[in-house]
Amino acid sequence: MNIDFSALAQKYNTPLYLYDFDYIAKRYQELKEAFSGQKSLISYAVKANSNIFVIRHLAQMGAGADCVSIGEVRRALAAGVKRYKIIFSGVGKRDEEIREALQSDILMLNLESEAEMKRVELVAKELGKEARISIRVNPNIDPKTHPYISTGLHENKFGVEIDVAKRMYIYAKKSPHLNPVGVHFHIGSQLTELDPIKEACGIVADLVRNLKALEIEIKFFDVGGGLGVTYESETTISAEAYADVVIEAARGLDVTLLCEPGRYLTANAGYLLTKVLYEKGNGGRRFVIVDAAMNDLIRPSLYDAYHKIEVADSADTKKEEMTAADIVGPVCESGDFFGKNVMLPPLGHDALVVIYSAGAYGFSMSSNYNTRGRAAEVALVNGEDHLIRKREQFEDIVALELACESGWQRSK
Ligand SMILES: *Cc1c(COP(=O)(O)O)cnc(C)c1O
């Protein structure tokens, strides 16, 4: 897709997030087709990019939602995701969240500990309901990804061991307030190798067979998310190869195949546009200071993540003019950078810089650090641009503080 970055930066100002909705649709369809002929559900991991319009776009194509807080469940419902396609995961659900999820009658709550199961049972009992649940199994598999985004090893906080899961299913089966309908695992993010997924699928499929022998019928085989994408030059797993592994593992089981991709659908649909403020040199090192910062996109600081960075309209720059530069933001942290040793031409004030692969864990992880308003978001649909989130203003940031400005200070 040919995007006129300069025109959009002119129209909406910077920093600005752009999402190519046609790309998101293409990715979704590819994955859905890879599972064709099977009962399948793709529940989008809302945390990757939680904009309601992004969720709605996916919901309109039939996607469900994988949520990790009641806030995300509410977003999914507000975006029009069918309640029976919503899963509520996460290691630490509060009673109120459990209650609301049960009242909303979503597909299932994904449980991550025995203690949580007891809470869910209690809340369901209070409501006179039967909670549909799945259990997140930790298959103890090294996903061969960055340790911060690895989740399927016993050393990680997620899920329960197979034996514990089995005990939980047996308990749940007997409880009048729990209905065990699913099994779940998610071994990590940015997975680029198929073997760990295959191994995990095998372990969990065996569990489903064991449960069947105990007359516990699992209906949803949820293989989590984590499909990797190309940020730099990574070779990734194709939708077909992925689906084939899952289909093969679940052969003979009468289950709906469920997956929860986040970044696979949105990462490379997104661009963060930012303008150059200044250039400076420190002891021979070149710094390009831009108007976006780590509060807008924290992945480089948090995960040492690579993002491709280019100057917009740089087609006619000569190679000889390029020198290495660190691209940094205005926030008062040394970790506030987007790229190091990036080859760039000399850049004047207001030169436009494009940060790629910013559609997942970009805006959704952004903050108001340094009292910076969050960026605006724009959807690109069929050659048209639509504002899907206004730029945050100072008044928005301080509103909840000023709302507390009642008697106590003034009386001093
Ligand atoms: C984060 C997460 C996902 C999505 O991860 P991606 O790498 O964005 O695909 C899916 N499922 C669970 C349980 C998660 O925690």
Side-chain angles (χ1 to χ4, degrees), residues 19 24 27-28 30-31 41-51 54-55 58 63-69 71-73 75-76 81 85-93 106-113 116 133-139 141 143-153 156-160 182-194 196-197 200-201 204 220-231 234 236-237 239 242-243 246 257-270 298-299 302-303 305 357-365:
Y19 308 125
I24 295 174
R27 295 288 273 189
Y28 175 81
E30 267 172 21
L31 196 54
L41 174 62
I42 297 173
S43 281
Y44 168 57
V46 166
K47 69 177 191 236
N49 185 325
S50 327
N51 187 291
V54 171
I55 307 171
L58 285 159
D66 176 52
C67 305
V68 292
S69 70
E72 286 191 353
V73 172
R75 268 185 190 274
V81 180
K85 293 182 179 179
I86 297 176
I87 305 158
F88 184 14
S89 300
V91 290
K93 303 179 192 73
I106 59 172
L107 176 59
M108 56 194 176
L109 277 81
N110 187 25
L111 307 183
E112 304 216 19
S113 65
E116 186 191 7
I133 58 154
S134 60
I135 294 172
R136 179 169 181 173
V137 175
N138 185 326
I141 283 167
K144 305 200 172 69
T145 183
H146 191 287
Y148 283 15
I149 48 180
S150 143
T151 53
L153 283 168
N156 300 124
K157 70 178 173 186
F158 301 99
V160 297
V183 66
H184 173 263
F185 69 88
H186 172 76
I187 56 174
S189 276
Q190 187 54 13
L191 306 175
T192 53
E193 291 185 34
L194 209 41
I197 301 172
C201 280
V204 176
F220 297 93
F221 188 78
D222 183 350
V223 299
L227 264 182
V229 301
T230 303
Y231 287 103
E234 302 93 327
T236 54
I237 301 164
Y242 179 67
V246 177
L257 304 175
L258 222 154
C259 64
E260 312 165 343
R263 86 186 63 217
Y264 179 85
L265 297 173
T266 61
N268 282 324
I298 203 173
R299 297 189 70 255
L302 191 60
Y303 309 121
S357 311
Y361 308 103
F363 187 93
S364 64
M365 288 183 114

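Both counts, for ligands and for their atoms, begin at 1 and track the order of listing.
Qualifying side-chain hydrogen bond (donor to acceptor under 3.5 Å, both in side chains) partners for Arg75, counting only residues two or more places apart in sequence or in other chains: none. Residues passing the side-chain hydrogen bond (donor to acceptor under 3.5 Å, both in side chains) test with Asp66, sequence neighbours excluded: Ser89.
The shortest N or O to N or O distance between Pro261 and ligand 1 is not under 3.5 Å. Considering backbone and side-chain N/O of Tyr264, none are found under 3.5 Å from N/O of ligand 1. Close N/O approach between Arg136 and ligand 1 is not found [any backbone or side-chain N/O within under 3.5 Å]. Every N/O-N/O distance between Ser89 and ligand 1 stays at or above 3.5 Å.
At a heavy-atom distance under 4.0 Å, no atom of Phe158 approaches ligand 1.
Heavy atoms only, all atoms of each residue included: Ser189 and Arg263 are closest at CB-NH2, 3.3 Å.
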For this session: Could you walk me through whether Phe185 and Ile187 pass side-chain contact (heavy atoms from CB on, under 4.5 Å), step by step?
Result: CA-CA 6 Å; Phe185 69 88; Ile187 56 174; 4.0 Å; yes
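Rounding to the nearest 0.5 Å places CG of Asn49 at 10.5 Å from CG of Leu265.
Within ligand 1, counting atoms from 1 as listed, the ones closer than 4.0 Å to a heavy atom of Ala45 are 3 (C), 4 (C), 10 (C). Taking every heavy atom of Gly226 and a limit of under 4.0 angstrom, the matching atoms of ligand 1 come to 5 (O), 6 (P), 7 (O), 9 (O). Residue-ligand proximity, Asp66 to ligand 1, at heavy-atom distances under 4.0 Å covers atoms 10 (C), 11 (N), 12 (C), 13 (C). The atoms of ligand 1 that sit less than 4.0 Å from any heavy atom of Glu260 are 3 (C), 4 (C), 10 (C), 11 (N), 12 (C), 13 (C). Residue contact check: Ser189 has heavy atoms under 4.0 Å from atoms 5 (O), 6 (P), 7 (O) of ligand 1. For ligand 1 and Tyr361, the ligand atoms under 4.0 Å from any heavy atom of the residue are 1 (C), 4 (C), 5 (O), 6 (P), 8 (O).
Relative to the ring axis of Tyr231, Arg299 places its NZ or CZ within 45° and under 6.0 Å from the centre. Tyr264 carries Arg27 over the face of its six-membered ring, with the cationic atom under 6.0 Å from the centre and within 45° of the normal.
With respect to Glu72 and Lys47, no salt bridge is recorded, no charged nitrogen being found less than 4.0 Å from a carboxylate O.
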